[in-house]
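Since the structure comes first, as structure tokens, the remarks are kept for the end.
Numbering of residues begins at 1 and proceeds along the displayed sequence. Just the heavy atoms: all of them, side chains too, but no hydrogens, waters or symmetry mates, feed the values below.
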Amino acid sequence: MRSPSSSTGSSSTGSRSGAAFGLSSEARNLHWLLTNLVEEVPGLLSVAVVSSDGLLLLSSDPARNNEDAVDNSSGPKGSSADLATIVSGLGSLCIGAAKLMDAGSVKQTVVAMEEGSLFVMSISDGSLLGVHATPDCDMSVVAYHMALFVGRAGHVLTPELRSELRQSMESVR
């Protein structure tokens, strides 16, 4: 798969990120990375990138990224906005626990449930990557691909790009 910055013609990064029209190349690249994460990793139900203050920046929810899409997601209540809320709360809880235990920074949180799994991984700027997956997903594969996403996205998630992503998410409400 080619990145959006290397393609010619349309600036859309595919059906999951139709909102990428009119965005900067960095924002399109993040949409492309998220689309690849969702398409390459079996068992992912919903993915969200959440800012350090809990706002949804990027989502795998087709209804959020493409105004023409029908929301057929099976994530929490069918919405990446709900996943973002859960990820933000869990992230805050884990950060507080780490402080109380003098355990340093939180790198990853995994919640294995009877009917699914929740993964939360820190991004370098304080943002979080959250994934809701099926109960039969391969946790090591999910964690590996999340780490790849974080490694690729972390250094480009500047305050300007976060602001642009917030505005693009708000415009599709």
Side-chain angles (χ1 to χ4, degrees), residues 1-73 75 78-88 91 105-109 118-133 141-173:
M1 223 182 227
R2 291 171 22 161
S3 75
S5 60
S6 66
S7 63
T8 57
S10 170
S11 63
S12 174
T13 60
S15 63
R16 289 197 179 258
S17 47
F21 286 108
L23 294 178
S24 67
S25 63
E26 292 87 2
R28 289 192 312 269
N29 283 339
L30 282 179
H31 278 275
W32 180 80
L33 286 171
L34 184 85
T35 300
N36 277 351
L37 176 66
V38 172
E39 290 176 354
E40 290 179 9
V41 182
L44 298 190
L45 298 173
S46 186
V47 180
V49 175
V50 183
S51 68
S52 58
D53 55 356
L55 298 175
L56 181 62
L57 298 178
L58 199 58
S59 162
S60 67
D61 190 347
R64 284 280 195 190
N65 292 330
N66 186 348
E67 294 179 31
D68 300 325
V70 176
D71 184 12
N72 59 3
S73 168
S79 169
S80 290
D82 292 330
L83 177 62
T85 302
I86 294 165
V87 165
S88 179
S105 62
V106 177
K107 297 180 182 190
Q108 179 179 345
T109 304
L118 175 64
F119 301 82
V120 179
M121 193 171 283
S122 298
I123 300 176
S124 61
D125 69 335
S127 299
L128 299 168
L129 172 63
V131 170
H132 177 220
V141 170
V142 173
Y144 172 75
H145 282 277
M146 286 178 70
L148 289 178
F149 180 93
V150 166
R152 293 172 181 156
H155 68 282
V156 298
L157 207 48
T158 62
E160 295 81 15
L161 183 55
R162 285 193 305 272
S163 176
E164 179 183 358
L165 291 169
R166 274 190 203 131
Q167 289 173 357
S168 74
M169 293 304 288
E170 289 172 2
S171 70
V172 295
R173 283 185 184 171

>> Please find the pair of heavy atoms, one from Phe149 and one from Leu30, that lie closest to each other, and give the distance.
In response: CE1-O, 4.2 Å

> Hey, which of Ile123, Leu58, Val50 is the one that makes side-chain contact (heavy atoms from CB on, under 4.5 Å) with Leu129?
Replying inline: Ile123

> Considering residues at least two apart in sequence or located in another chain, which fulfil the side chain to side chain contact (heavy atoms under 4.5 Å, CB included) criterion with Glu164?
Replying inline: Leu23, Ser24, Ala27, Leu161

>> Tell me the closest heavy-atom pair linking Ala84 and Leu56, and the distance in Å.
In response: CB-CD1, 3.8 Å

> Looking at Met146 and Val131, what are the two nearest heavy atoms and their distance?
Replying inline: SD-CG2, 3.7 Å

>> Minimum heavy-atom separation for Ala48 and Leu83, please, with both atom names.
In response: N-CD2, 3.8 Å

>> Using every non-hydrogen atom in the two residues, find where Ser60 and Val38 come nearest and quote the distance to one decimal.
In response: CB-CG2, 3.6 Å

> When rounded to the nearest 0.5 angstrom, what distance separates NE2 in His145 from CE in Met121?
Replying inline: 11.5 Å

>> Taking salt bridge (Lys or Arg N to Asp or Glu O under 4.0 Å) as the definition, give me every residue that meets it alongside Arg152, ordered by chain and number, with sequence neighbours left out.
In response: none

> With sequence neighbours excluded, what pairs up with Glu160 under the side-chain hydrogen bond (donor to acceptor under 3.5 Å, both in side chains) test?
Replying inline: Thr158

>> Is there a side-chain contact between Arg166 and Leu57 in this structure, where contact means two heavy atoms from C-beta onward sitting under 4.5 Å apart?
In response: yes

>> Any heavy-atom pair between the side chains of Leu37 and Val47 that's under 4.5 Å?
In response: yes

>> Please find the pair of heavy atoms, one from Ser88 and one from Gly54, that lie closest to each other, and give the distance.
In response: OG-CA, 3.4 Å

> Going from CG on Leu55 to CE on Met169, what distance comes out if it is rounded to the nearest 0.5 angstrom?
Replying inline: 10.5 Å

> Would you say the side-chain atoms of Thr35 pair up with the backbone N or O of His31, donor to acceptor, closer than 3.5 Å?
Replying inline: yes

